[in-house]
Amino acid sequence: MPETIEQYNSQTEIKSVKKQAFKAWLLGFAAVLFWAFLILLAPLAESFGWINVSGAIYKFFSFLCHQQPERSFHVLEHLFAVCSRCFGVYFGLVFGFIIYSFIRNIEEIEPFSRIWLFLSLVPIGIDWTLGMLGIWENTHLSRFLTGLILGAACAVFIIPALVELAQISANKRKRNSP
């Protein structure tokens with residue numbers, strides 16, 4: 001069925017949408033990469049004696065994570081800024097941003113079915129619940145991997161939202177320009 005004139009998008013407009021989508025993805029990727037970098041910077045800064053830097057990072061992340069030493073990865077005998085589960089979630093966001101473009105076009109704004117987000121909570125919920133009930137002793141690896149699943153799933157929901165926000169912002173600027 002042929003498109004109506006109202007449905008027609010010029011090649012220039014399509015390129016503009018793709019460019020906006022890439023910029024939104026790049027900005028989001030830079031943010032999650034920086035976040036993960038800070039988590040790794042804390043123990044490195046502490047090992048080099050940069051106490052002011054590491055102290056500020058540990059303090060910031062203490063509002064987000066319990067930072068229990070027995071539940072955290074270590075680098076050079078210093079704790080990551082977050083526990084292994086939280087690190088899995090944040091690293092999962094980075095991983096999700098990287099693999100997203102292999103799953104679908106970045107400019108698509110229609111989100112996946114929410115069931116995938118809820119299903120990504122199942123492994124982390126099972127790991128945590130079985131650990132709390134004393135049935136299973138979760139490990140750094142199980143915490144990290146279940147967090148990774150959740151983080152990657154969150155990324156595939158965040159990216160379409162960022163792209164849609166970029167498109168809305170661009171449309172508002174276009175309407176308001178003379």
Side-chain angles (χ1 to χ4, degrees), residues 24-104 106 108-109 111-166:
W25 174 86
L26 189 60
L27 182 63
F29 180 62
V32 298
L33 196 59
F34 179 70
W35 193 267
F37 170 74
L38 286 177
I39 292 168
L40 297 173
L41 179 61
L44 295 175
E46 186 145 325
S47 71
F48 289 119
W50 304 337
I51 305 302
N52 290 340
V53 173
S54 65
I57 296 170
Y58 282 122
K59 180 70 173 172
F60 172 76
F61 281 105
S62 73
F63 296 110
L64 306 173
C65 177
H66 57 72
Q67 300 176 326
Q68 293 176 358
E70 66 276 5
R71 293 179 177 247
S72 301
F73 291 122
H74 294 70
V75 170
L76 303 173
E77 300 181 15
H78 297 283
L79 298 172
F80 279 25
V82 295
C83 71
S84 55
R85 183 171 285 131
C86 290
F87 183 66
V89 171
Y90 299 134
F91 187 77
L93 283 169
V94 172
F95 180 69
F97 266 81
I98 291 170
I99 65 165
Y100 185 83
S101 62
F102 296 105
I103 298 169
R104 69 193 309 202
I106 292 175
E108 287 187 45
I109 59 172
F112 287 100
S113 171
R114 280 181 250 165
I115 190 69
W116 294 110
L117 188 57
F118 292 114
L119 287 175
S120 73
L121 289 167
V122 171
I124 206 167
I126 291 170
D127 187 51
W128 182 85
T129 303
L130 293 178
M132 287 300 293
L133 296 175
I135 298 170
W136 151 274
E137 182 62 38
N138 51 32
T139 64
H140 288 330
L141 183 61
S142 71
R143 291 183 202 114
F144 174 77
L145 290 176
T146 57
L148 182 80
I149 293 166
L150 177 60
C154 287
V156 301
F157 284 88
I158 291 169
I159 294 167
L162 291 175
V163 170
E164 186 173 17
L165 287 172

- Item | Stepwise side-chain contact (heavy atoms from CB on, under 4.5 Å) test for Trp25 and Leu162 | CA-CA 7 Å; Trp25 174 86; Leu162 291 175; over 6 Å; no
- Item | Min side-chain heavy-atom separation Ile98-Phe29 under 4.5 Å | yes
- Query: Does some side-chain heavy atom of Pro160 sit less than 4.5 Å from a side-chain heavy atom of Tyr100?
  - Reply: yes
- Would the number of heavy atoms belonging to other residues, nucleotides or ligands and lying under 6.0 Å from CD of Gln68 be above 12? yes
- Message: Show the nearest heavy-atom pair for residues Pro111 and Phe157, with the distance to one decimal.
- Response: CB-CD2, 4.4 Å
- Item | Under 3.5 Å donor-acceptor, Asn138 side chain and Arg143 backbone | no
- Item | Any Leu93 side-chain heavy atom under 4.5 Å of Cys154 side chain | yes
- Please report the shortest heavy-atom distance between Leu41 and Val53, naming the atom on each side. CD2-CG1, 4.3 Å
- Value for CZ (Phe91) from CG (Leu33), rounded to nearest 0.5 Å, stands at 9.5 Å
- Message: Given 3.5 Å as the limit, does a donor-acceptor pair link the side chain of Tyr58 with the main chain of Gln67, or not?
- Response: no
- Item | Euclidean distance, Ile109 CD1 relative to Ile159 CD1, rounded to 0.5 Å | 14.0 Å
- Note on the structure: Rounding to 0.5 Å, atoms OG (Ser120) and CD1 (Ile115) come to a distance of 10.0 Å
- Note on the structure: OG (Ser142) and CD (Glu137) are apart, to the nearest 0.5 Å, by 8.5 Å
- Note on the structure: Note: Pro43 and Leu79 closest approach over all heavy atoms is CB-O, 3.2 Å
- Quick one: does Leu64's side chain get under 4.5 Å of Val82's, heavy atoms only? no
- Query: Does a side-chain heavy-atom distance below 4.5 Å link Phe97 with Ile158?
  - Reply: yes
- Query: Can you name the closest pair of heavy atoms from Ser72 and Cys83 and give their distance?
  - Reply: OG-CA, 3.4 Å
- Message: Using a 3.5 Å distance criterion without hydrogens, assess whether the side chain of Ser84 forms a donor-acceptor pair with backbone atoms of Arg71.
- Response: yes
- Considering non-hydrogen atoms only, spot the tightest contact between Ala42 and Ser54 and give its length. O-CB, 3.3 Å
- With Phe61, which of Trp35, Phe87, Phe80 fulfils ring-ring contact (aromatic ring centres under 6.0 Å, His included)? Trp35
- Would you call Leu117 and Leu121 a side-chain contact if the rule is heavy atoms closer than 4.5 Å? no
- Message: With a sphere of 6.0 Å drawn around CZ of Phe34, does it hold more than 12 non-hydrogen atoms of other residues, nucleotides or ligands?
- Response: no
- Task: Measure the shortest side-chain to side-chain distance between Ile124 and Ile149 over non-hydrogen atoms and say whether it is less than 4.5 angstrom.
- Result: no
- Compare all side-chain heavy atoms of Ile103 with those of Phe112 and state whether any distance is below 4.5 angstrom. yes
- CD1-CD1 distance between Ile135 and Ile126, expressed to the nearest 0.5 angstrom: 11.5 Å
